[in-house]
Structures are given as C-alpha cells and as structure tokens.
Q: 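Before we start, here is the structure in question, set down as structure tokens.
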Amino acid sequence: KAGVTQTPRYLIKTRGQQVTLSCSPISGHRSVSWYQQTPGQGLQFLFEYFSETQRNKGNFPGRFSGRQFSNSRSEMNVSTLELGDSALYLCASSLLGGNTGELFFGEGSRLTVL
Amino acid sequence: GDSVTQMEGPVTLSEEAFLTINCTYTATGYPSLFWYVQYPGEGLQLLLKATKADDKGSNKGFEATYRKETTSFHLEKGSVQVSDSAVYFCALSPGAGGTSYGKLTFGQGTILTVHP
C-alpha cells in the first residue's frame, strides 16, 4: 500500500512569493494534517482536514491556508513568503484523525525562502 | 496547554550500549503517548504508543511505559545498533473523547548517534 506522498520534495522561493504544496494521503485515509518543522521551533501543527472541512487549526497567521479535495488529497498554500517560512513541511494522514490513532507521515516538502 | 519535554540532546552511544531518552508531559485528562522516529531525509514513523496509564508500548527492541504518577514516558532500549541513529520525538494527543483532530504535541526531539 502506497504511503503518504508529498510534492514537490524541494523548492526555493523568494520573499513575497507564494507557494503551494501537495499531499496525497494513504488510500482510504480521510484525515490529513499539516506540520511545520524547523530547527528552532520543532514540529508545529498547522491544520487538519477531514472530508473537505477544516476541523482543527494551529496558531499560524492567515498567510498559511489549506484545502482538501473530495479524493482526500490536500494542498497547503503560503502567501507572501517570509524568510522565517523556510522549513520542512510535513503532511500526515490517518483514517479518522482521532486522538488515539497513529499518524502516517510523508517525507516532507523542504521550502527555502531567499 | 499541553506540552512535552524531552531530555537535552544529542546523545552519542557505542553499539550495544543501553539507551534511555527521558520524556515528561503536561496535559489534562488522559492523553495518549507516542514515540516517533525520524531517519535522515525521511518523515516521521511511529515507533510505539501507549493509550492508558501503566501501558507499555514496545517495538524493535524499544520500550516505554506510560507513568501517570510521574507524567513520564521514557524510551529505553537494551542494546542499540548503528541503524538506530535517528531523531526521536516524544508526542501526545488528548486521547479518546478529545477534539484536537490530527494534532500531536511534540517534544523538541533528541538526536541519537550510535558509533560502531
């Protein structure tokens, strides 16, 4: 069974640009979560989607947004990029996104903002 | 709010040494506890989990026991291998009945390097 797939794996942008990252969850998983990983702040939760609805949101500015499609694939968008947005963005999927189950992570999209 | 604190790293060991990585947490109610591992260039993988007090999670020779009285979930392995070199993250979720969908609270991670 294929794992969580994230694209692109690496990308470089300049300040002020915007970026869209894509995540395909494990087949049958309906919950997709996004995390930002940086050396300074560690792993921080961005948001979670289930059946095309955002059910949970972390403490990030409105420049960070996401959506989920009917096939459970998800995208996240960061507008007006800042240097501090350089990070590894991880997507995770689970069957229902509940509180006791395992999250399955992709390999991440590494964003560098110059 | 919920928080997870891991021991300061990095940790460097020789092959076959004993490993302990300390993890303590702050949470209300009855959280579920996890250890995730991240190998170089990869995403996180679940190593083990425990969902109630006194549960012991185990996998690949690693163990951790959910201690509610000390709010701890320390990771141990009796004999580490070079292939265990990775970053280890302790994490919690609110547990059954909570509404924090998809959100895990992670510790800062501990880098483990094992030398032959």
Side-chain angles (χ1 to χ4, degrees), chain A residues 3-7 9-10 23-26 29-51 53-60 66 68 72 74 76 88-110, chain B residues 1-10 23 25 27-53 55 57 59 66 73 86-111:
Chain A
V4 177
T5 304
Q6 292 188 245
T7 56
R9 290 291 313 279
Y10 303 91
C23 172
S24 294
I26 291 172
H29 285 191
R30 297 168 63 189
S31 169
V32 174
S33 303
W34 288 89
Y35 287 80
Q36 182 195 65
Q37 185 177 21
T38 60
Q41 299 297 315
L43 282 150
Q44 296 187 89
F45 173 76
L46 281 155
F47 28 66
E48 187 262 5
Y49 287 87
F50 181 86
S51 292
T53 299
Q54 185 185 90
R55 295 192 300 184
N56 200 5
K57 187 177 188 303
N59 189 26
F60 278 81
Q68 187 181 34
S72 294
S74 177
M76 69 162 283
L88 181 67
Y89 290 88
L90 292 166
C91 167
S93 76
S94 67
L95 276 171
L96 299 174
N99 298 307
T100 58
E102 175 181 359
L103 294 185
F104 294 82
F105 284 84
E107 294 183 320
S109 293
R110 184 166 295 281
Chain B
D2 296 346
S3 67
V4 176
T5 302
Q6 289 182 232
M7 65 184 291
E8 295 292 327
C23 171
Y25 68 89
T28 55
Y30 302 92
S32 295
L33 301 174
F34 306 85
W35 277 100
Y36 278 82
V37 59
Q38 186 175 32
Y39 298 101
E42 298 184 12
L44 279 72
Q45 303 173 26
L46 179 67
L47 182 58
L48 53 84
K49 71 175 186 180
T51 58
K52 61 182 187 294
D55 266 2
N59 185 27
Y66 186 163
F73 192 55
V87 184
Y88 292 80
F89 293 91
C90 185
L92 72 80
S93 70
T99 58
S100 191
Y101 301 112
K103 179 182 179 182
L104 294 176
T105 299
F106 285 91
Q108 63 267 46
T110 300
I111 300 172

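Chain A is the first sequence line, chain B the second, and so forth, proteins listed ahead of strands; every chain is numbered from 1.
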Q: As an exercise: rank A:F47, A:Y35, A:F104 by heavy-atom pairs under 4.5 Å with chain B and give me the winner.
A: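 Among the listed options, the one with the most contacts to chain B is A:Y35.
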
Q: Looking at B:G109, is its backbone amide N or carbonyl O close enough to the side chain of B:Q6 to form a donor-acceptor pair, meaning the two atoms are under 3.5 Å apart?
A: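 It does hold such a pair.
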
Q: Taking every heavy-atom pair that is under 4.5 Å apart, which of A:R9, A:Q6, A:Q41, A:Q37 has the most such pairs with chain B?
A: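 Sorted descending by pairs with chain B, the first entry is A:Q37.
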
Q: Which region of A:L88, side chain (C-beta onward) or backbone (N, CA, C, O), has a non-hydrogen atom less than 4.5 Å from a non-hydrogen atom of chain B, or is it both or neither?
A: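 Looking at A:L88, just its side chain touches chain B.
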
Q: Restricting to side-chain hydrogen bond (donor to acceptor under 3.5 Å, both in side chains), what partner residues turn up for B:Q108, sequence neighbours left out?
A: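 Here no residue qualifies.
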
Q: Picking from A:Q54, A:Q68, A:R55, what satisfies side chain to side chain donor-acceptor pair (under 3.5 Å) with A:Y49?
A: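 Among the candidates, only A:Q54 passes.
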
Q: Go through the atoms of A:F105 and report whether side chain, backbone, both or neither lie under 4.5 Å from a heavy atom of chain B.
A: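 For A:F105, the contact with chain B is made by backbone and side chain together.
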
Q: Does the side chain of B:F34 come within less than 4.5 Å of B:V4's, by heavy atoms?
A: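 The answer is no; the side chains never approach within 4.5 Å.
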
Q: Using heavy-atom distances under 4.5 Å, tell me whether B:Q45 contacts chain A through its side chain, its backbone, both, or neither.
A: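 The answer is neither part of B:Q45.
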
Q: Kindly say whether B:K103 contributes a backbone atom to a donor-acceptor pair with the side chain of A:E48 at under 3.5 angstrom?
A: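 It does not hold such a pair.
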
